[in-house]
Amino acid sequence: MEPEGERGGDPQPDPLPRTLPRGQERPSPGEERERPVEGRETRLRVVLRVRPLTCTETRRGDQQVVHSLGDGAVHVSAARHDATFGFSAVFDAGASQEAVFEGSGMRQLVELAMDGFSCTVFAFGQTGSGKTYTLMGPLAQSQAQPASPALLGLMQRSFTCLLEQSRSRGSDLTLSASYLEIYNEQVRDLLSPGPPCALPLRWSKTRGFYVENQLSVEFESLEAIVSLLLQGSQRRRTSAHALNRHSSRSHALLTIHIRSRAASTCPSKQGTLCFVDLAGSERVKETGSSGELSVEANSINRSLLALAGDTLWECPADPHQSPVTSFVAHPPAGHCISLLAKPRGKRTHIPYRDSKLTRLLARSLGGSGITLMVACISPSSRCLSETLSTLHYASRARRVTTRPLANRVSREKLLQTLEQEIHALQLENLSLRQQLCLPRVPVRSKGNPPKAWAGSGDRYGPAGQLPPERTPAWPSLYGLLRDFVVENEQMRQPPDLNGDIPAGPSHRATRSSCDSQPLLRSARSLHVPHSHSVRHRRPDTTPSSVPRLPKLSPASSRPSCPGCPQCCPGPVDATMLQVLPVPPVPQPVPPEGSAGLLPPGQEDMAAPGSHQPHGHPQPHQRKRSHGRSRSLSQQHVLHRELPGPERVPSPEGRVIPSAPPWPGLPEPRAAGTVPLLQWEEALDWLAEQI
Ligand SMILES: Nc1ncnc2c1ncn2[C@@H]1O[C@H](COP(=O)(O)OP(=O)(O)OP(=O)(O)O)[C@@H](O)[C@H]1O
């Protein structure tokens, strides 16, 4: 039996254990049922699901080597292996989908997410062990007909529970979903239209790791979110191999963002519920993978290795080497679960940065989230070593603890973030002006006296004081923010032939123009299921504390854009820009970071290296890295030209970005005509923007 410390190599034959080994004891029933308390160390809840033998396994005469002993214990018995493991709950082959939902604590997790916690459920196990089935049921695998309600997985049941709870609590919640996959170490948005494109993974002190430019879609009904799930799942990479005809070749993360819409509730709670369907670990000899499949298997195994630190999965030391025969003898440096399972005092640095998967799961595993892990195994004797590996890993995961903290955004925090935002924009404005040889004139709205923004020091009134409620400080700040956004955006526009817009470096025009074309094309092809009341919201954004000017590479260095004849077809673009309706691109959405403020303990996480994705980045992806103001406005790339005395005259047909829309107003307004908002409205708007 596995000792407390970690070990390498295959599982050793164990003498029949009379009791559960140390570290595998189940918590007391009381502890099991206990609702996690904010700030108190809470164990990961780990449940086990054993799928039935498949027809092939039965036909082949495979033996069933896994037996549930009841009361959360499971026994594995085979010729040379005999071991018992304990979990919070064990669901054997006969367990229904409903039983798994009710017995796993999923309902409680949904409620906690509604209370503002970051909750994660992730399915883990060998390929073909039933992870996707447990999370989604057979729905995602048969697109033609919806599955019978009895077969719906944890996800659909959680959606129902969430919507029911939301109605019964009478709380005014905004629900939105984002869905991404990690395929061959690239993060890709499963809800964005167009071909899959790698998104950058970034880190900020307040939010930890997050995916930039991820699309988030609002939904209000079960049909809408199920439709999104289906759409995303259909875009996910799957392939057939010897052990599974629909094997997921990527890790998929579907996140539901739950925000309180009630303006009066401040601080407002912002919870998330994240479903992680990990790709299955696999031995390529058994799956028969070769070529692309083996490259995928290699990538999957490496990221699982970084997550679990187990030694049983195949994984070459050299990522470019074929994984067919090689094994890693010892866990690599990255093995987060193993390290997290150690007592807090003995923990060393947790190498979350070893893979994109561990970065995205950092909060759930070692931070302030609440996590449920569903370990899935096959009962077949043929899968014994993988089954034991999963069981050891799952047992180890039960020692991992987090300190749950609800995400609250206070009024002070909103103001502080707004101030930082404006400051960053101002710096960027100055920098852009300098680059374009323009005078150092600060932007100013008609309705906003300059004293509304004094940079550091005197901010909104007397130093260090927040504006009293119902004062016009919010609109002033908003106007200022919008001015900067619009002006900075305009300064980044390519110069037109008449030189109406100040000309910057010549290559910028090409780049910028190039950037907009794929976005426009994808905007046109965007399929939005109108019937299901979904609303695309703007991609995830985060302020960069130090705004940067666009880093422009020579056009020739861009992949798939040689000389730009296709990307920049000239006059046709202008026509296209004009005829495009306003809403085809994703509508504004508050950044997911609003639900992602890290607790102080998490903030000292090592800042990530800058990992630029491979492949051809999306236009907005490139733009995003240029600073916050870009991100704020990119959602409005297709908006009409803004009126306003202070706007730089825009050339015909050129896209003029607008500032974020004023709440409640369908059209963008001139920066100089900022209306006064009620405190609640402004707060609500700011929460959305931040
Ligand atoms: N509890 C179960 N009851 C009935 N069938 C199941 C169960 N679990 C899994 N299956 C079936 O087993 C097969 C493999 O399941 P699934 O695709 O969910 O595995 P997976 O772990 O997600 O695999 P991969 O990692 O390769 O994506 C599917 O045909 C699925 O319908």
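In listed order, ligands and their atoms are each counted from 1.
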- Query: Do any nitrogen or oxygen atoms of S129 lie less than 3.5 angstrom from nitrogen or oxygen atoms of ligand 1?
  - Reply: yes
- N/O separation below 3.5 Å, P52 to ligand 1: no
- Message: Using heavy atoms and a 4.0 Å limit, tell me yes or no: is G128 in contact with ligand 1?
- Response: yes
- Item | Donor-acceptor contact present, side-chain R49 to main-chain V374, <3.5 Å | no
- Which heavy-atom pair separates T84 from A73 by the least distance, and what is that distance? CG2-CB, 4.4 Å
- Message: Can you tell me which residue among L254, L361, T255 is in a side-chain contact (heavy atoms from CB on, under 4.5 Å) with C274?
- Response: T255
- Message: Main chain of L175, side chain of H257: is a donor-acceptor contact present, judged purely on distance under 3.5 Å?
- Response: no
- Query: Once you round to the nearest 0.5 Å, how far does CG of L357 lie from CD1 of I182?
  - Reply: 5.0 Å
- Working to the nearest 0.5 Å, report the span between CG of L253 and OG of S178. 9.0 Å
- Query: Does Q126 have a non-hydrogen atom less than 4.0 Å from ligand 1?
  - Reply: yes
- Short N or O distance, A279 and ligand 1, threshold 3.5 Å exclusive: no
- Query: Taking distance alone, with no angle check, do D277 and ligand 1 share an N/O pair under 3.5 Å?
  - Reply: no
- Message: What I want to know is whether T132 and ligand 1 share at least one N or O pair that is separated by under 3.5 angstrom.
- Response: yes
